[in-house]
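Chain letters run A, B, ... following the sequence lines, proteins first and then strands; every chain starts at 1.
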Amino acid sequence: MNVGDMSLERFAAALAGEGVAICWGPFVSHIVSGLPELAAPLHLLYADCRIEPPGGICDFHVCVRPHSPRLPRSKQRVEFLLDGAPLFPPFARRQVLPMLEWGLNACVYRLAHQFLIIHAGAVERSGLALLLPGLPGVGKSTLCAALVASGWRLLSDELALIDPANGRVQPLARPISLKNDSIEIIQKLDPKSTFGPPAIDTHKGKVAHVRPPADSVRRCLEPACPRWIVTPEFAPAEPLRLARMSKCSTFISLGDNSLNYEILGETGFRTMVRLVDQCDCYALTYDSASQAIGVLEGLLREPAEELRAAVAG
Amino acid sequence: MQPLPADSELLLGLLISPAAIAALTEAEWGQVLPLARASHLLGRLASEAQALGLTERLPCRVRGHLDAAAAEATHNERTIRWELNRIERALRHLDVPILLLKGAAYVAAGLPAARGRSVSDVDIMVPRTALDPVETGLEDAGWQRMKLDSYDQRYYRTWMHELPPLCHGERGTIVDVHHAILPPTARLKPDPAKLWTEARRLGGSRLHVLAPPDMVLHSAAHLFHDGDLYRSLRDLIDIGDLLGAFGRQRGFWSDLVARAQSLDLGRPLFYALRYARRLLGTAVPDEVTTAAGAHAPPRPVLSLMDRLAPRALVPRPREKVEDALGSWLLYMRSHWLRMPARVLLPHLGYQAVRRGLGGR
């Protein structure tokens, strides 16, 4: 059963009661929250995600609850608990949805060290993955959302998980988090996209989430073979440019953008070497998402032989 | 003793008999994983599963968690070794012996208790007279004092047995510099000089570790006299590991009892042996249990501890009211043991006011 197969009333009751175990990527997060304003956005954004039946293994036990319930609602704060302990300081109540999404990301990068985790967007086409590494603010989520709108499968907008055993990218396929101007850009690029309610005044400005495509969610257990690493830089009024980037520079950049490279030690190093070795590496300078998409789609038009060999390998 | 909740019993069962890892159902894993993580014991389970060759046969999702915990534990051990290297280097110009405590000692001495640890803080002890030059030496090498207000600085420097923690500016790692194993204000007063006399030097270095009985007694004092027991099952496991490793050495048990007497640590030893035996099945010779019994608390106190301690050691993700009350009692107990009333009451009053004003 998927989240969307439950009525909103039943979902809300379950969320506030025994909790709901939602599957995304390789993980199951059991979420409990008595905050009524969370039920509808979660029901919408995770509609295509499977619900894990009771008695299974949940990877993250999450509780979202008021931190200061006696204050008037406008001054209230809410907190995100993992296994009973807060992961970070409380947020204002009106920011509860982005807090939940950031919290679920934190569950992954704090705990999922069976993967090498890189701050990167990741999308897939023809069996091959394109990684867009970079710190928050470079535009990787916007590019991700734009690529997904033009037919690429969403692997992740924020955290690329690389499996050390086989070098493949493990999808998460969670809602894409967009900020400020990006929200309108994607709404224009893809009017059919489904957005959750926006939160204003977060530490990143205005934040809203796009529901992942049903196909991306359905295939979230299907890893992809990495083929391109494109490091984006948003540069207004500069000409669009996609230039080859040396593998050494890419390695250093990925290391800087990795969340657990040090923790994995030698395994992290070997996984990163394999990743960079098998990918074509580029730097992209752009000031318009739709132009950038055009250039990135050009990467697909490589000789068919090379593409087939890459998928098989 | 009161029986523990089912999931706590399950976790304890795995720690006592790791072979049972192979037989857990998915539903049981669902209960044990969050509890093990909250108790900092997931790395330990991973290490046990690997030692028994069971990892390959586990459900995929469980394997992911154990692999992740194993990666973290390896990283923590690597970090501790590097930090010890950097600390020795930072203090090489001083003629000061450095005594390693807790996890750093277990790693440096290659003890079984070093397996699967989830913390990479380093605890060291130096002579009290060397505190200032040691702090300066570490600061010169990049460690930084935590930003504390003058009250907290005084709390540490006057009343406690350690400096405020030092955090390395680049690596973010923490060193706690002690001059004793319990606060000078505490009710029990183990003499640091006696610990230094029996300490063992490691190789040709300036690093030392405590003698085996003292290592057990320090762990017992840390758990039962210096903290509120909350989520400290890992510390009890350490005690069980140390007793298992040293228990085979000739003269260890009689030394342990004698040292507890000499260091004024009879009561913590009593509790350590009692709960290691009852919760972990640690083997303790009968005559040692009898000798430690001479330091037992009055019966009503023991009754209360038997009720509160096991539940505090193994945390539940969702605390019930009786657990919250028990936690509060143990919190008060830990402060009562650390400070005399004339110091404790103003301290608690100050903390309450500060919290009320929105401070830490």
Side-chain angles (χ1 to χ4, degrees), chain A residues 17-19 21 23 25-30 32 34 52-63 65 67-68 71 75 77 81-87 89-90 107-117 161 163-165 170 221 259-271, chain B residues 7 11 24-43 46 55-56 58-79 81-82 118 120 170-173 230-231 314-320 323-324 327 355 358 360:
Chain A
E18 72 273 19
C23 305
F27 304 116
V28 177
S29 56
H30 181 267
V32 174
E52 176 82 9
I57 298 171
C58 294
D59 301 285
F60 313 122
H61 289 257
V62 170
C63 175
R65 68 178 190 192
H67 175 69
S68 39
L71 295 176
K75 289 200 167 64
R77 292 187 295 166
L81 306 181
L82 170 65
D83 294 336
L87 269 193
C107 291
V108 174
Y109 66 69
R110 293 265 193 118
L111 299 181
H113 304 304
Q114 65 269 42
F115 298 105
L116 174 64
I117 305 172
L161 269 51
D163 188 343
Q170 168 60 56
L221 291 179
L259 289 144
N260 65 351
Y261 175 74
E262 279 189 18
I263 292 178
L264 295 200
E266 189 175 336
T267 303
F269 174 75
R270 295 197 185 287
T271 307
Chain B
D7 49 2
L11 176 61
L24 282 194
T25 63
E26 281 224 353
E28 286 170 331
W29 275 116
Q31 292 182 297
V32 153
L33 283 176
L35 206 57
R37 184 181 301 124
S39 314
H40 304 291
L41 287 165
L42 207 48
T55 317
E56 307 283 318
L58 295 174
C60 196
R61 183 158 283 134
V62 174
R63 223 191 128 169
H65 285 277
L66 295 190
D67 284 349
E72 244 190 315
T74 306
H75 171 68
N76 283 321
E77 185 177 327
R78 196 167 50 231
T79 302
R81 289 190 191 282
W82 183 239
S118 63
S120 55
E170 284 172 11
R171 299 192 299 273
T173 48
Y230 189 62
R231 293 193 175 201
V314 190
R316 309 298 312 288
R318 286 190 225 182
E319 218 175 58
K320 298 211 166 38
D323 291 341
S327 301
R355 265 195 303 275
R360 270 183 303 112

Between the CD1 atom in A:Ile263 and the CG atom in B:Asn76, the distance rounded to the nearest 0.5 Å is 8.0 Å
Atom NE2 of A:His61 and atom CG of B:Leu35: how far apart are they, to the nearest 0.5 Å? 10.0 Å
Region of A:Phe27 that comes under 4.5 Å of a non-hydrogen atom in chain B: backbone
Counting heavy-atom pairs closer than 4.5 Å to chain B, which one of A:Leu264, A:Leu81, A:Leu111 comes out on top? A:Leu111
Is chain B contacted by the side chain of A:Pro54, its backbone, both, or neither, given a heavy-atom distance below 4.5 Å? neither
First locate atom CD of B:Gln31, then atom CD1 of A:Ile57, and finally report the distance between them rounded to the nearest 0.5 Å. 11.0 Å
Looking only at B:Glu26, B:Arg61, B:His65, most heavy-atom pairs under 4.5 Å shared with chain A are made by B:Arg61
Shortest non-hydrogen contact between A:Gln114 and B:Ala68, atoms and distance: OE1-CB, 3.3 Å
Look up atom CG in B:Asp67 and atom CZ in A:Phe115, then write down how far apart they are to the nearest 0.5 Å. 9.5 Å
Rounded to the nearest 0.5 angstrom, the CZ-CD distance for B:Arg78 and A:Glu262 is 8.5 Å
